[in-house]
Amino acid sequence: YEIIRQEIPDVGQTSCIIQIGSGQIELMEPMGEKGTVAKFLEEHGEGLHHISIRTDDFDNDVKKFEEKGIKVFGITEFNGQKVGFAHPKTTHGVLYEIVQFKQ
C-alpha cells in the first residue's frame, strides 16, 4: 500500500489517501472552520462523507446515471480530472463522487 498526504487549501481540507491495490481510501480533515468537510462535520459529526466511483468515460457515465433518475450536480474539473456528484436524494441517502480516471 501507499499513503499520500496532501493539503488542498482551495476546498479547505487536508486529505490522506491510502492506495490499496487498485482502490483507495481518502480520509479528510478540515483546514479551519470553512469548507465542505468542516460544514459536514458540524452538521453530521464524524463518519462516511461519500463514495468515489472512477470512470474512463465521464460524460457517458453521467448520462447513464441521469437516465436512471440519478441527479448529477457540481460537475467541474479538479486537478485536470472531471468530477461530479450523484445527489443523495436520488441514491437512497448516499453521496457518490464520479471521477474521470486519469491514465
Side-chain angles (χ1 to χ4, degrees):
Y1 65 93
E2 177 183 4
I3 299 174
I4 301 166
R5 182 178 163 82
Q6 64 185 46
E7 291 185 356
I8 312 170
D10 292 351
V11 294
Q13 77 183 48
T14 300
S15 290
C16 180
I17 299 170
I18 305 165
Q19 187 77 36
I20 304 170
S22 63
Q24 67 185 32
I25 297 170
E26 179 179 8
L27 304 173
M28 302 178 295
E29 67 178 321
M31 297 173 75
E33 297 178 13
K34 295 185 178 179
T36 304
V37 176
K39 182 178 176 183
F40 180 86
L41 289 172
E42 184 177 308
E43 292 178 9
H44 305 283
E46 297 176 352
L48 178 68
H49 184 268
H50 70 272
I51 297 172
S52 293
I53 301 169
R54 289 183 175 181
T55 176
D56 57 4
D57 191 347
F58 183 88
D59 295 328
N60 187 49
D61 286 342
V62 166
K63 183 179 175 184
K64 287 180 184 177
F65 271 67
E66 291 177 340
E67 286 172 354
K68 294 184 184 292
I70 297 171
K71 180 180 172 158
V72 179
F73 71 101
I75 295 175
T76 189
E77 277 207 21
F78 184 74
N79 288 338
Q81 299 177 94
K82 287 185 180 179
V83 177
F85 293 89
H87 200 286
K89 287 185 179 177
T90 60
T91 58
H92 303 287
V94 178
L95 177 64
Y96 289 92
E97 175 186 42
I98 307 157
V99 181
Q100 177 77 38
F101 183 65
K102 216 188 318 188
Q103 296 181 352

What's the shortest heavy-atom distance between Gly32 and Ala38, and which atoms? O-CB, 3.9 Å

Cluster link Phe78 to Leu27, ILVMFWY, side chain under 4.5 Å: no

Within a reach of under 6.0 Å around CD of Glu67, are more than 12 heavy atoms found that belong to other residues, nucleotides or ligands? yes

Say whether Val62 and Val94 are linked into one hydrophobic cluster, either directly or through other cluster members, by side-chain heavy-atom distances under 4.5 angstrom. yes

Quick check: do Val11 and Thr36 have side-chain heavy atoms less than 4.5 Å from each other? no

In terms of heavy-atom contacts, does CD of Glu42 have more than 12 from other residues, nucleotides or ligands at under 6.0 Å? no

Non-hydrogen atoms of Glu97 and His50 that approach each other most closely: OE1-NE2, 3.2 Å

Please examine the side chains of Ile53 and Phe65, heavy atoms only from C-beta on, and report whether any two atoms are closer than 4.5 Å. yes

Tyr1 OH: over 12 foreign heavy atoms closer than 6.0 Å: no

For His92, ring pair (Phe, Tyr, Trp, His ring centres under 6.0 Å) partners two or more places apart: none

Separation of Lys82 NZ from Asp59 CG (nearest 0.5 Å): 3.5 Å

From Ile17 CD1 over to Ile3 CD1, what is the distance, rounded to the nearest 0.5 angstrom? 11.5 Å

List the steps, then state whether side-chain contact (heavy atoms from CB on, under 4.5 Å) holds for Val37 with Glu29. CA-CA 6 Å; Val37 176; Glu29 67 178 321; 5.5 Å; no

Applying salt bridge (charged side-chain N to carboxylate O under 4.0 Å, His left out) to Asp57 and not counting sequence neighbours gives none

At what distance, to the nearest 0.5 angstrom, does NZ of Lys64 lie from CD1 of Ile70? 12.5 Å

Shared hydrophobic cluster for Phe40 and Leu95 (ILVMFWY, side-chain gaps under 4.5 Å): no

Which value, rounded to the nearest 0.5 Å, describes the distance between Thr91 atom OG1 and Lys71 atom NZ? 12.5 Å

Donor + acceptor pair across side chains of Gln81, Arg54 (<3.5 Å): no

Do the side chains of Ile75 and Phe58 get nearer than 4.5 Å, heavy atoms only? yes

Working to the nearest 0.5 angstrom, can you tell me the gap between His49 NE2 and Met28 CE? 5.0 Å

Please give me the minimum heavy-atom distance between Asp56 and Gln100, naming the atom from each residue. O-NE2, 3.1 Å

Using 0.5 Å steps for rounding, measure from the OG1 atom of Thr90 to the CZ atom of Phe73. 9.0 Å

Listed by chain and number, what are the salt bridge (charged side-chain N to carboxylate O under 4.0 Å, His left out) partners of Glu26, not counting sequence neighbours? none

Met31, Leu41: one ILVMFWY side-chain cluster at the under-4.5 Å cut-off? no

Do Gln19 side-chain atoms and Gly21 backbone N/O form a donor-acceptor pair below 3.5 Å? yes

Are more than 12 heavy atoms from other residues, nucleotides or ligands located less than 6.0 Å from atom CD of Glu33? no

